[in-house]
Structure formats: C-alpha cells, structure tokens
Amino acid sequence: MLKLRLARFGRKKRAFYSIVLTENTSARESKFKKLGTYDPLTKQTTIDEERANYYLQRGAQPTTVIRRLFRGRLYNL
C-alpha cells in the first residue's frame, strides 16, 4: 500500500521534512517520490496538490500527521 508520509532531513535540532509517497513497508529514507516539504520551525508547508490528489484518489493513504497538516486542502482529507 502506498502512503503519504514525512521523511526527516536536516541536521540535529534543525529538522526539515519532505512529504513523500512511498510503500508503507519501506524505511523512512528509502526510495520515494517527493511531493512537498514541511518546516516545523517556521510552520511553512508546500505541496504539489495536483500530484498528491492524484495518488490519494488512487488509494494512497496519508499518515495522521499529513492528514492534520493538509486538512481541507487535499482530496478526501
């Protein structure tokens, strides 16, 4: 099953996350398609809404964090 989830990047105490589409059984930084970013320090988010909606309509499941970040902006959240 495909999942929309966060992949952590950045250095210690300066986390930066990429919003990625990946298999739910794969590791956090394994093979993925990048759909956007989330910066928790500035609370700034960007996402390719067209691509994210495309995958959500075809069965991809967002994690609870992704669902909370994009409530109302994406299809079926």
query = Quick one: CG on Leu56 to CD on Glu49, what's the gap to the nearest 0.5 Å?
reply = 11.0 Å
task = Quick one: pull up CZ in Arg14 and CG in Asp39 and give me the separation to the nearest 0.5 Å.
result = 7.5 Å
ask   = Mind checking whether Tyr54 and Ile66 sit in one hydrophobic cluster, side chains of I, L, V, M, F, W, Y counted as touching below 4.5 Å?
value = yes
key: Connected via hydrophobic side-chain network under 4.5 Å: Ile47 and Val65   = yes
message = With a 4.5 Å cut-off on side-chain heavy atoms, are Ile19 and Leu6 touching?
response = yes
note = Rounding to 0.5 Å, atoms CG (Asn53) and CZ (Arg58) come to a distance of 10.5 Å
message = Strictly distance-based, threshold 3.5 Å: is any side-chain N or O of Glu23 a donor or acceptor partner for the main-chain N or O of Met1?
response = yes
note = Residues Tyr38 and Thr45: closest non-hydrogen pair is CD1-CG2, 3.1 Å
Gap separating the OG1 atom of Thr37 from the CG atom of Asp48, nearest 0.5 angstrom = 11.5 Å
query = Taking all non-hydrogen atoms of both residues, which atom of Arg51 and which atom of Leu35 are closest, and how far apart?
reply = CB-CD2, 3.9 Å
request  = May I have the step-by-step check of side-chain contact (heavy atoms from CB on, under 4.5 Å) for Arg8 and Phe16, ending in yes or no?
outcome  = CA-CA 6 Å; Arg8 188 181 194 279; Phe16 186 82; over 6 Å; no
request  = Kindly give the heavy-atom pair with the smallest separation between Pro40 and Ala15, and that separation in Å.
outcome  = CD-O, 3.7 Å
